[in-house]
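Following: one structure in structure tokens, then a few remarks.
Start at 1 with the first residue, then count along the sequence.
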Amino acid sequence: MKALPLLALTSLSLLPLCSQAVPLNDDFALLLDVTLASDYRTRGISQTQNDPAVQAGATLAHSSGLYLGAWSSNVDFGGGLKTRQEIDYYGGWLWQATEDVSLDLGYLRYAYPKESQFNQSEVYGILSVYGVKLGAYYSDDAPGIDSKQNSLYSYVGYETELPYGVGLKLRYGDMDFKDPHLYSSSGKAEDSYREWEVKLTHELAGVMLGLSYVDTDLSKSQCASNWGFDDVCSATVVASISKSF
């Protein structure tokens, strides 16, 4: 039986009280964002068969740090799968200890119209300390080959400002599944893989330009055995342009 895709899902950067949020009153603010990207890569895996993606999200935040939101992108998993959209619903609490120290705790629900077997939920925590980020996302209903399973995605990252208004974002992550699903050409099965990203950003004329290098340690056979294609896990450069309101 051919393996169903183990979907590597969105890792959101939730900043509900950022300076670009639109204040609604003394307690509530609304953040809207739109992105056009040359590929939708999440946790190292293309969700669009290496094709472009249009993405949009909205976050309603309270001065207490509580927030609710939704985000969506087009997707294409190939293999005759009918879904063409991912819709994420999330809610959480952002504790801002200081300008440089914060803790973000929340819940995410991923939905895929016409392919509900891929729907799943995650709880997450992200600790940020002076540009260093430690994050973890846990699911007990991740899509598996024959049934739901547990998964844990964890990462370490770093964000800083470079000269000339350039932002630098680094991430190294580990995606771990309960059961081995990553089959190499020799038939050996692994239950985890690593992925990483180096991203440069620059704001120009009110929009944010991004350029990322994304890669994983998956072989072509491991990629094909789980996602049905051997080119959705390999190294790539992703260009993006985004606007927040």
Side-chain angles (χ1 to χ4, degrees), residues 4-15 18 20 31-59 69-90 108-116 118-120 137 143 153 155 157 159 166-171 173 175 193 195-218 220 222-224 226-245:
L4 294 174
L6 293 172
L7 302 179
L9 301 169
T10 313
S11 176
L12 299 176
S13 176
L14 302 173
L15 297 174
C18 77
Q20 292 178 310
L31 175 65
L32 304 174
D33 62 90
V34 178
T35 298
L36 174 62
S38 60
D39 190 3
Y40 172 19
R41 290 261 170 164
T42 184
R43 300 178 189 177
I45 312 301
S46 176
Q47 309 295 289
T48 53
Q49 297 290 296
N50 301 308
D51 289 333
V54 178
Q55 304 165 338
T59 303
W71 182 91
S72 184
S73 175
N74 60 290
V75 296
D76 183 2
F77 302 129
L81 296 171
K82 297 178 181 179
T83 189
R84 290 296 180 267
Q85 185 180 22
E86 174 187 330
I87 306 173
D88 304 341
Y89 306 95
Y90 53 87
L108 273 164
R109 178 65 180 174
Y110 306 93
Y112 297 88
K114 299 182 180 180
E115 297 290 354
S116 61
F118 297 140
N119 295 353
Q120 77 170 89
Y137 292 71
Y153 173 71
Y155 73 90
E159 298 182 7
V166 176
L168 172 65
K169 298 182 180 181
L170 307 174
R171 187 191 69 251
M175 188 69 211
Y193 72 90
E195 58 86 31
W196 50 91
E197 179 179 10
V198 178
K199 183 174 185 178
L200 297 175
T201 61
H202 180 68
E203 187 172 356
L204 181 65
V207 299
M208 186 65 71
L209 306 177
L211 191 66
S212 298
Y213 174 81
V214 184
D215 199 2
T216 75
D217 67 351
L218 290 162
K220 287 184 176 293
Q222 288 175 322
C223 187
N226 289 275
W227 290 276
F229 303 90
D230 64 8
D231 62 347
V232 296
C233 316
S234 53
T236 191
V237 173
V238 178
S240 63
I241 179 171
S242 59
K243 174 69 176 178
S244 296
F245 306 89

Is it true that a side-chain atom of Asp215 and a backbone atom of Trp196 form a donor plus acceptor pair closer than 3.5 Å?
-> no

With the threshold set at 4.0 Å, does a side-chain nitrogen-carboxylate oxygen contact exist between Glu115 and Lys82?
-> no

Evaluate the ring planes of Tyr153 and Tyr137, with Trp represented by its six-membered ring, and classify them as parallel (under 30°), tilted (30 to 60°) or perpendicular (over 60°).
-> tilted

Determine the minimum heavy-atom distance between Gly79 and Phe229, stating which atoms define it.
-> N-CZ, 3.9 Å

Take Arg43 and Glu195, measure what salt bridge (charged side-chain N to carboxylate O under 4.0 Å, His left out) needs, and give me the verdict at the end.
-> CA-CA 6 Å; Arg43 300 178 189 177; Glu195 58 86 31; over 6 Å; no

So which heavy atom on Tyr40 is nearest to which on Ser73, and how close?
-> CD2-OG, 3.4 Å

Donor-acceptor contact present, side-chain Gln120 to main-chain Phe118, <3.5 Å | no

So which heavy atom on Tyr213 is nearest to which on Ala235, and how close?
-> OH-CB, 3.5 Å

Rounded to the nearest 0.5 Å, what separation is found between the CG atom of Asn50 and the CG atom of Asp231?
-> 5.0 Å

Indicate yes or no: does Asp88 engage Arg109 in a salt bridge with an N to O separation below 4.0 Å.
-> no

Arg84 and Asp76: CA distance, side-chain angles, deciding distance, salt bridge (charged side-chain N to carboxylate O under 4.0 Å, His left out) verdict | CA-CA 6 Å; Arg84 290 296 180 267; Asp76 183 2; 3.7 Å; yes

Rounded distance (nearest 0.5 Å) linking atom CD1 of Ile87 with atom OH of Tyr110 = 14.0 Å

Rounded to the nearest 0.5 Å, what separation is found between the CG atom of Leu200 and the OG atom of Ser212?
-> 8.0 Å

Does Leu211 reach the side chain of Leu209, with side-chain heavy atoms less than 4.5 Å apart?
-> no

Scanning both residues in full, the closest heavy-atom pair of Val232 with Gln49 reads CG1-NE2, 4.0 Å

CG (Asp39) and OG (Ser240) are apart, to the nearest 0.5 Å, by 11.0 Å

What heavy-atom pair brings Ser38 and Val237 nearest, and what distance separates the two atoms?
-> OG-O, 4.0 Å

To the nearest 0.5 Å, how far apart are OH in Tyr193 and CD1 in Ile45?
-> 4.0 Å

Taking atom types as modelled, find out whether Ser72 and Gln85 have a side-chain donor-acceptor pair closer than 3.5 angstrom.
-> yes

Tyr89 to Ala70 - nearest heavy-atom pair and separation | CD2-CB, 4.1 Å

How long is the span from the CD atom in Gln55 to the OG1 atom in Thr48, to the nearest 0.5 Å?
-> 8.5 Å

Does any N or O in the side chain of Thr216 come within less than 3.5 Å of the main-chain N or O of Cys233, such that one atom is a donor and the other an acceptor?
-> yes

Can you tell me if Thr83 uses its side chain to pair, donor with acceptor, with the backbone of Pro113 under 3.5 Å?
-> yes

